[in-house]
Trainee: 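After the structure tokens below, expect a handful of questions from me.
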Number of protein chains: 2
Amino acid sequence: MKSARVAEPRPYHHGDLRRALVEAGRRLLEAENGSDISLRAVAREAGVSPAAPYHHFRDKSELLDALAMEGWGRLADQMRADLAPTEPGQDRLVALGIAYVRFSRENPAIYRVMFDCSQNHEAMPSKLREEGAYRLVRDALIESGLDPSDEMGLELASTAVWCAAHGVAEMVGFREFSPLKAHLGGEEAFLRALLSRLTLFTAERESPAG
Amino acid sequence: MKSARVAEPRPYHHGDLRRALVEAGRRLLEAENGSDISLRAVAREAGVSPAAPYHHFRDKSELLDALAMEGWGRLADQMRADLAPTEPGQDRLVALGIAYVRFSRENPAIYRVMFDCSQNHEAMPSKLREEGAYRLVRDALIESGLDPSDEMGLELASTAVWCAAHGVAEMVGFREFSPLKAHLGGEEAFLRALLSRLTLFTAERESPAG
DNA sequence: AGCCAATCTTGACAACGATCAGATAAGCAC
DNA sequence: GTGCTTATCTGATCGTTGTCAAGATTGGCT
């Protein structure tokens, strides 16, 4: 049958277009500096008519959602990779934060899409919580000594870490902040110190705060 | 002169259109929930043709820049107001952070425009640094005991505070984080604890870190 | 008065998101 | 194979957007 899927004169697509579109979108996001991707450009990149995506995504925003999801997955992968060589304890938390900031730095457009999408949908998909980056932070916190049964304490601590990492990641976009602007080394040292303190903070916070 | 500016049959505008456009933009940003304002809509709101803004702003992005600047000004005003009733010391820093988060919560669209613009221009205008919100943080840090002559320490501390406040502000957009999602009281308490720790961190950081 | 430069409008362009009817392909009945 | 159904993709189209060039209008200056 269609064994010569490549040799055909591009009549209809008929492969896994959905995936093809997501990959095309990723390619465009990596190429351009701005994160304002155009639905039509994605279709063009995938070699499809401007209306084709609408059979796989209800909206442009749904395409962006898919791109964001792919980004979250890649972030989690990178976090896991950066986590592997570390030993359990506080260092893991710092490694996670640094991985987060580095991801936001190396993939700024995708990072922005990820964040904007999550913000519009007032709730990150549960998949992210259960097996994604958020879960990694939570696990690292438990490993570093937090009481696994203290649900509220865990939430508080994860949020604190997340806030710090995200705050630094966004501030790196600003070139104004001199502690961050020099080079990645500076950012790393800064984030390391900040995250260490915050972990301390969350650990102490378990007991009733004065 | 044209004392009857209101009674005229709206032939040509000829007032301070630049300001009128910024105000129209602010009105739209406050009305809509999304921050994707349309140049034409702003012109429409100001009662002007779609091309009129181009005599006052080179770009759409320059209009957004002006809107962002206005936002930064209002943020600084609110910070100053929230600062007034507090006494010098650590509380001031917390008050500043809380004011920041509250502003991002009460004016989400403007807040997003402010931040996006600052991020694209890789450097916030110097006005912001010298007399804006950033300066307020810096002053509060000095008041709370930091060495005014230690330029690097001040930069580091301000950045840390800024990162924390911004991180919390952005996370509030996520409804997923339970420590923040309940109500403003929760956010305030959380941010207060976080900022207190960070101030401690920055104060200690003055001495050589081990 | 007359002219200048600033200001605003009109009209147009390409690109965008979105929708629709219709062409095309694949799968399954027989 | 023929015929039908369904999923997929195209083409044309609509309303809107950012932007520009050319012309109309205005206030200020001499």
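Here is how names work: the chains are called A, B, and so on, in the same order as the sequence lines, proteins then strands, and each is numbered from 1. Computed from a predicted structure; not experimentally measured.
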Trainee: Can A:Arg138 and A:Ser158 be counted as having a side-chain donor-acceptor contact under 3.5 angstrom?
Mentor: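 No - no donor-acceptor pair under 3.5 Å links their side chains.
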
Trainee: Over how many whole Å does the gap from B:Asp16 atom CG to C:dT7 atom C1' extend?
Mentor: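 Spelled out: CG on B:Asp16 to C1' on C:dT7 is 12 Å.
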
Trainee: For the pair made of CG in A:Asp36 and C1' in C:dA15, what is the distance, rounded to whole Å?
Mentor: 13 Å

Trainee: For the pair made of NE2 in A:His55 and P in D:dG11, what is the distance, rounded to whole Å?
Mentor: 13 Å

Trainee: Please list, in numerical order, the residues of residues 20-31 of chain A that have a heavy atom closer than 4.0 Å to any atom of DNA chain D.
Mentor: none

Trainee: Rounded to whole Å, how long is the line connecting atom CG of B:Leu64 with atom P of D:dT17?
Mentor: 14 Å

Trainee: What is the separation between atom CG on A:Leu17 and atom C1' on C:dA26, rounded to the nearest whole Å?
Mentor: 16 Å

Trainee: Is the shortest distance from a Lys or Arg side-chain nitrogen in A:Glu131 or A:Arg135 to a carboxylate oxygen in the other one below 4.0 Å?
Mentor: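 Result for this pair is no, no salt bridge flagged.
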
Trainee: I'd like to check the salt bridge (charged side-chain N to carboxylate O under 4.0 Å, His left out) partners of A:Glu106; sequence neighbours left out, ordered by chain and number.
Mentor: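 So A:Glu106 forms no salt bridge (charged side-chain N to carboxylate O under 4.0 Å, His left out) with any residue.
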
Trainee: Considering every strand and a 4.0 Å limit on heavy-atom distances, what is the contact class for B:Arg18: base, sugar-phosphate, or nothing?
Mentor: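 Nothing, no nucleic acid heavy atom in range.
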
Trainee: What pairs of nitrogen or oxygen atoms, one from the protein and one from nucleotides 19-21 of chain D, lie under 3.5 Å apart?
Mentor:
unit_1 : atom_1 : unit_2  : atom_2 : d
D:dT19 : OP1    : B:Asp59 : OD1    : 3.4
D:dT19 : OP2    : B:Tyr54 : OH     : 2.9
D:dT19 : OP2    : B:Lys60 : N      : 3.0
D:dT19 : O5'    : B:Tyr54 : OH     : 3.1
D:dT19 : O4     : B:Arg40 : NH1    : 3.4

Trainee: Is it true that atom CZ of A:Arg19 has more than 12 heavy atoms of other residues, nucleotides or ligands lying nearer than 6.0 Å?
Mentor: no

Trainee: Can you tell me if CZ on B:Arg58 sees more than 12 non-hydrogen neighbours from other groups inside 6.0 Å?
Mentor: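 No, because the 6.0 Å sphere around CZ of B:Arg58 holds 12 heavy atoms or fewer from other groups.
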
Trainee: Of all the heavy-atom pairs spanning A:Ala52 and A:His56, show the shortest one and how long it is.
Mentor: O-CD2, 3.9 Å

Trainee: Within the structure shown, what part of the strands sits under 4.0 Å from B:Ser38 by heavy-atom distance: base, sugar-phosphate, or nothing?
Mentor: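 Contact class for B:Ser38: sugar-phosphate only.
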
Trainee: For the pair made of CZ in A:Phe57 and P in D:dT8, what is the distance, rounded to whole Å?
Mentor: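 It is 12 Å, rounded to the nearest whole Å.
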
Trainee: State which residues pass side-chain hydrogen bond (donor to acceptor under 3.5 Å, both in side chains) with A:Asn107; sequence neighbours excluded, sorted by chain then number.
Mentor: none

Trainee: Looking at residues at least two apart in the chain, or sitting in another chain, which of them share a salt bridge (charged side-chain N to carboxylate O under 4.0 Å, His left out) with B:Asp77?
Mentor: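 Counting only residues at least two positions away or on another chain, B:Asp77 forms a salt bridge (charged side-chain N to carboxylate O under 4.0 Å, His left out) with B:Arg80.
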
Trainee: Under the side-chain hydrogen bond (donor to acceptor under 3.5 Å, both in side chains) rule, collect the residues that match up with A:Glu30, sequence neighbours excluded.
Mentor: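 side-chain hydrogen bond (donor to acceptor under 3.5 Å, both in side chains) list for A:Glu30, sorted by chain: A:Arg26.
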
Trainee: Is the phosphate of D:dC9 approached by A:His56 (side-chain N or O, under 4.0 Å from OP1 or OP2)?
Mentor: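 Answer is yes, contact under 4.0 Å.
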
